[in-house]
Amino acid sequence: MIWSSLCYIEHQGNYLMLHRTKKDHDINKGKWIGVGGKTEPLETVPECLVREVREETGFILNSYEPRAIITFNSDFAEKEIMFLFTSRDFKCHLGEDGMPALPVCNEGVLRWVPKEEVLSLNLWEGDRVFIEKLLTDDPFFFMRMEYRGDDLTEYVVGAENFKDKVYEATARIPKGKTSTYGDIAIEIGHPGAARAVGNALHDNPYEGVIPCHRVVNAGGYCSRSFGFGGAESQARLLRAEGVKVEKGRVVL
């Protein structure tokens with residue numbers, strides 16, 4: 001199974017689009033997509049995102065926003081889980097027109113496209129679905145797509161199992177805010193399943209994408225079993241986002 005990242009970089013009402021034209025055996029040849037690519041061995045998804053953007057555009061991402069986790073199944077390619085991001089905060093060189101300068105890219109041709117024109121480009125059918133959700137600023141979502149050849153035969157928007165519902169709800173917690181295991185359980189339609197929510201977050205496979213550090217127990221305490229370093233690590237991540245934490249407890 002392939003894991004990949006894809007980023008739609010925004011500037012002054014435009015998305016940075018890549019017209020994939022240069023590689024003969026490119027599965028995306030002729031299509032317009034965002035910037036991204038496959039993860040390398042031992043590389044996290046955020047690391048992949050930052051590297052791919054730098055390699056294809058020369059831009060350095062200062063920050064980025066996870067928007068979706070999308071699973072692709074097809075009859076012509078290996079199963080892929082794609083992590084979708086957007087960003088408005090990056091370092092770059094400016095061209096004479098004041099827009100971020102675009103380099104020559106060995107994958108294709110980079111172009112700033114007004115957001116209202118993006119859907120008129122030659123896109124994958126499924127890309128139209130999630131780009132429309134980006135354009136309407138929908139909250140974080142899971143999505144599954146089924147392809148037969150170039151045809152999109154089925155797609156489902158929204159998490160389809162308990163764990164993914166937990167992750168979807170967790171990803172929608174704004175930076176600087178927290179929620180509890182019980183509140184997440186209620187939100188996904190499983191009141192009383194706070195412990196199962198905690199177990200799902202402990203097993204979070206999406207490091208750097210699903211912000212499980214924003215979920216605390218009913219008393220506001222960080223978890224000793226936090227999957228990425230324990231309670232002190234969770235408290236440190238929350239403080240970095242502006243959340244006040246005293247003696248391991250979020251000040252509500």
Side-chain angles (χ1 to χ4, degrees), residues 1-9 34-55 60-72 78-87 89-90 130 139-144 159-181 184-185 187-188 194-217 221-243 245 248 250:
M1 181 168 58
I2 297 169
W3 280 28
S4 65
S5 66
L6 185 68
C7 189
Y8 286 85
I9 299 173
V35 179
K38 301 174 185 177
T39 58
E40 295 182 347
L42 304 180
E43 185 178 50
T44 67
V45 170
E47 288 169 345
C48 169
L49 170 71
V50 171
R51 174 184 55 77
E52 287 285 347
V53 168
R54 183 181 68 250
E55 290 177 354
I60 305 298
L61 294 182
N62 294 322
S63 64
Y64 43 83
E65 186 71 22
R67 303 300 298 274
I69 296 177
I70 303 171
T71 299
F72 293 89
E78 187 175 351
K79 181 177 181 178
E80 178 175 352
I81 296 180
M82 187 187 76
F83 297 82
L84 181 65
F85 297 84
T86 54
S87 177
D89 184 15
F90 54 92
F130 65 69
F140 184 96
F141 58 95
F142 274 72
M143 183 174 180
R144 175 175 56 82
E160 297 183 90
N161 59 64
F162 180 85
K163 281 191 173 182
D164 284 350
K165 288 178 181 179
V166 171
Y167 302 144
E168 188 174 67
T170 300
R172 294 178 176 181
I173 303 170
K175 186 178 295 186
K177 303 292 184 181
T178 60
S179 186
T180 68
Y181 304 120
I184 295 290
E187 182 176 343
I188 66 173
R195 184 181 296 275
V197 169
N199 290 337
L201 291 175
H202 179 73
D203 294 336
N204 174 16
Y206 306 125
E207 180 182 1
V209 179
I210 303 300
C212 52
H213 62 280
R214 296 176 191 163
V215 186
V216 295
N217 70 18
Y221 286 94
C222 296
S223 173
R224 288 177 296 177
S225 61
F226 176 63
F228 302 102
E232 283 301 316
S233 177
Q234 183 178 9
R236 184 172 61 254
L237 290 169
L238 288 172
R239 290 189 186 107
E241 295 181 346
V243 177
V245 183
V250 171

Do [X] and [Y] come close enough that some side-chain heavy atom pair is under 4.5 Å?
X	Y	result
I2	F72	no
I184	I173	yes
Y64	D89	no

At their closest point, which heavy atom of [X] faces which heavy atom of [Y], and how far apart are they?
X	Y	value
T86	R67	OG1-NH1, 3.2 Å
C48	G37	SG-O, 3.4 Å
V53	V35	CA-CG1, 3.9 Å
R172	P139	NE-CB, 3.7 Å
S5	L49	OG-CA, 3.4 Å
A194	Y181	O-CB, 3.5 Å

Q) Are any side-chain N or O atoms of E168 and backbone N or O atoms of F141, one a donor and one an acceptor, separated by less than 3.5 Å? A)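 No: the side chain of E168 does not pair with the backbone of F141.
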
The criterion is side chain to side chain donor-acceptor pair (under 3.5 Å); which residues satisfy it with [X], sequence neighbours excluded?
X	result
S223	S225
N199	none
S4	E80
S87	none

Nearest 0.5 angstrom please: [X] [atom1] to [Y] [atom2], how far?
X	Y	atom1	atom2	value
M82	T39	CE	OG1	13.0 Å
E160	F142	CD	CZ	10.5 Å
I210	F140	CD1	CZ	4.0 Å
I81	I70	CD1	CD1	11.5 Å
T170	L201	OG1	CG	4.5 Å
I69	M143	CD1	CE	13.5 Å

Pair listing, salt bridge (charged side-chain N to carboxylate O under 4.0 Å, His left out) test, anchored in [range], at least two apart:
range	value
residues 199-215	K163-D203, R214-E241
residues 223-235	none
residues 39-51	E40-R51, E43-R51, R51-E55

Among residues at least two apart in sequence or on other chains, which ones pass ring pair (Phe, Tyr, Trp, His ring centres under 6.0 Å) with [X]?
X	result
Y221	none
F90	F59
F130	none
F226	F228

(Q) Walk me through whether Q234 and V216 qualify under side-chain contact (heavy atoms from CB on, under 4.5 Å). (A) CA-CA 9 Å; Q234 183 178 9; V216 295; 3.9 Å; yes

Q: Could you tell me which residues satisfy salt bridge (charged side-chain N to carboxylate O under 4.0 Å, His left out) with E65, sequence neighbours excluded, listed by chain and number?
A: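 Per chain and number, E65 pairs via salt bridge (charged side-chain N to carboxylate O under 4.0 Å, His left out) with no residue.
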
Q.
Please check if the number of heavy atoms outside R195 that lie under 6.0 Å from its CZ is greater than 12.
A.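 No, not enclosed.
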
Q: Check the angle between the aromatic planes of Y206 and F83 and answer parallel, tilted or perpendicular using the 30° and 60° thresholds.
A: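 Y206 and F83: perpendicular rings.
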
